[in-house]
Asker: 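Structure in structure tokens, see below.
Numbers restart at 1 for each chain; the letters A, B, ... are given by sequence-line order, proteins then strands. Everything numeric in this text was worked out from a predicted model, so none of it was measured. Because only heavy atoms are used, hydrogens play no part in the values below, and waters and symmetry mates are left out as well, while side chains stay in.
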Number of protein chains: 2
Amino acid sequence: MRVSRAQADENRQTVINVASRLFREHGFDGIGLKDLMAGAGMTQGAFYKQFESKDDLAAQASQRSLENALGRWTTAAASKPEDPLLAVIDFYLSLGHCADKADGCPMVALGSDAARHGPDVRATFESGIRGYVDMLGGWMAPDGNGADSKAMAVLSTMVGAVLLARAVNDEQMSKSFLQAAAASVVTQTSTNATPVGPRQ
Amino acid sequence: MRVSRAQADENRQTVINVASRLFREHGFDGIGLKDLMAGAGMTQGAFYKQFESKDDLAAQASQRSLENALGRWTTAAASKPEDPLLAVIDFYLSLGHCADKADGCPMVALGSDAARHGPDVRATFESGIRGYVDMLGGWMAPDGNGADSKAMAVLSTMVGAVLLARAVNDEQMSKSFLQAAAASVVTQTSTNATPVGPRQ
DNA sequence: ATTATCTATAGATCTATAGATAATGC
DNA sequence: ATTATCTATAGATCTATAGATAATGC
């Protein structure tokens with residue numbers, strides 16, 4: 001029954017990866033340890049040799065998803081060096097992103113949950129969120145309201161738009177939130193205000 | 001043991017009011033029927049004579065909190081008719097609002113949860129959210145990207161900022177998100193860009 | 001000898017239902 | 001007679017722990 005230390009480490013990573021998806025999909029309180037472990041191909045009994053508590057896993061899985069999602073931002077940005085922000089907006093403010101909670105932005109999927117949880121989870125979100133602010137900040141000129149003010153406003157707009165787009169049934173309304181946010185971000189960040197184009 | 005029909009109706013309203021607070025505080029999955037009913041001074045057994053299911057209560061409590069919170073917007077707006085948006089921003093983008101989840105904005109407190117729940121809850125959020133968009137839309141000129149585009153972007157920014165402000169431990173960072181959002185909203189909506197003032 | 005995982009279980013809690021009780025409504 | 005609420009409970013699930021097992025690591 002025992003596996004090698006390397007295999008055990010790998011199993012642990014798998015659990016974190018599975019949890020990072022399932023927590024985003026069902027919330028911290030919406031999925032149990034049994035299902036989390038089963039998703040990693042193990043039984044519940046192995047859990048407490050790997051993690052201190054469910055909250056411990058919540059913090060680690062949050063970090064994993066925040067890092068992964070930021071990685072997707074980096075990839076998108078690299079694909080369009082002349083306008084990285086637009087590349088990010090393009091996938092972030094999309095119906096595809098709205099539909100894919102498990103692989104989507106953890107700030108949107110777990111933001112309400114994080115606010116209710118312990119300082120460990122919030123510490124993870126705090127440093128994760130700083131990463132997004134820093135990346136955005138590198139793409140825009142400061143606006144005289146503090147170094148990261150513009151980046152923080154843009155991140156708020158993006159996160160809020162996807163949150164609201166996911167909270168409604170009407171797909172047209174979802175699309176409107178995404179487009180409105182995109183137009184707003186583009187207007188706010190481009191000095192020579194780029195035209196935003198017709199409604200899709 | 002039986003109470004009058006009027007009393008039963010009143011009890012039902014109390015349950016909805018209690019649930020509208022406790023759901024915002026703990027999430028739909030973070031509080032049980034026993035505690036919800038206890039908060040209204042009753043036992044769990046009475047629940048299913050009043051509601052079809054927990055999801056039914058979730059939808060009704062969501063509606064109640066969306067209406068109540070919009071009422072607070074109306075009150076704030078009425079207190080400053082020359083600049084209602086500023087009056088709303090003033091309390092919405094505040095640390096006080098961040099600290100008061102149970103009485104605060106349900107889009108922030110339950111947005112992530114709503115996205116995971118059934119069409120009933122989402123239908124409630126949808127019509128609730130339209131109320132906020134409509135109110136905001138009345139306070140700003142359209143921007144050529146569709147009738148409600150600006151209002152939707154502003155709402156996204158406000159909701160996102162409070163969501164992120166609540167997800168971090170560092171109070172200074174929370175404040176920065178709130179101030180950044182306020183500056184962004186003011187800049188976006190005022191044609192003769194109102195100065196935003198020094199950092200608090 | 002140690003230990004990663006397993007099965008099994010404790011003890012609490014969850015949603016939902018059943019049946020008893022006592023007051024209302026007719 | 002009806003019914004709003006109560007107590008009690010079914011049956012499932014939850015987090016966490018205990019002890020067994022079998023393979024690793026020394």
Asker: Among D/dG25, D/dT3, C/dT15, which nucleotide sits nearest the side chain of B/L33?
Answerer: C/dT15
Asker: Output, in order, the C-alpha distance, side-chain angles, deciding distance and verdict of salt bridge (Lys or Arg N to Asp or Glu O under 4.0 Å) for A/E126 and A/R130.
Answerer: CA-CA 6 Å; A/E126 182 174 311; A/R130 279 190 212 279; 3.0 Å; yes
Asker: Taking the side chain of A/R2 as its heavy atoms from C-beta onward, which of C/dT2, D/dT15, D/dT5 lies nearest to it?
Answerer: C/dT2
Asker: Under 6.0 Å from the CD atom of B/Q7, do we count more than 12 heavy atoms belonging to anything else shown?
Answerer: yes
Asker: Could you give the NZ-to-P distance, from A/K49 to D/dA16, as a whole number of Å?
Answerer: 16 Å
Asker: Once you round it to whole Å, what is the distance between P of C/dT15 and CG of B/D55?
Answerer: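 After rounding, the gap between these two atoms is 11 Å.
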Asker: Rounded to the nearest Å, what distance is computed from the CZ atom of residue A/F47 to the P atom of nucleotide D/dT13?
Answerer: 19 Å
Asker: Taking NZ from A/K34 and C1' from D/dT13, how many angstroms apart are they, rounded to a whole number?
Answerer: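 So the two atoms are 8 Å apart, to the nearest Å.
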Asker: Whether A/K175 and A/E171 form a salt bridge (side-chain N of Lys/Arg under 4.0 Å from carboxylate O of Asp/Glu) is what I want to check.
Answerer: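 Judged by the 4.0 Å cut-off on N to carboxylate O distance, A/E171 and A/K175 do not form a salt bridge.
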Asker: Choose from C/dA4, D/dA4, C/dA16 the nucleotide whose nearest atom is closest to any side-chain atom of B/V3.
Answerer: D/dA4
Asker: Can you identify which nucleotide, out of C/dA4, C/dC6, C/dG25, has its nearest atom closest to the A/T43 side chain?
Answerer: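 When the side chain of A/T43 is considered, C/dC6 is the closest of C/dA4, C/dC6, C/dG25.
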Asker: Send over the distance from A/R5 CZ to C/dA1 P, rounded to a whole Å.
Answerer: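 That distance rounds to 16 Å.
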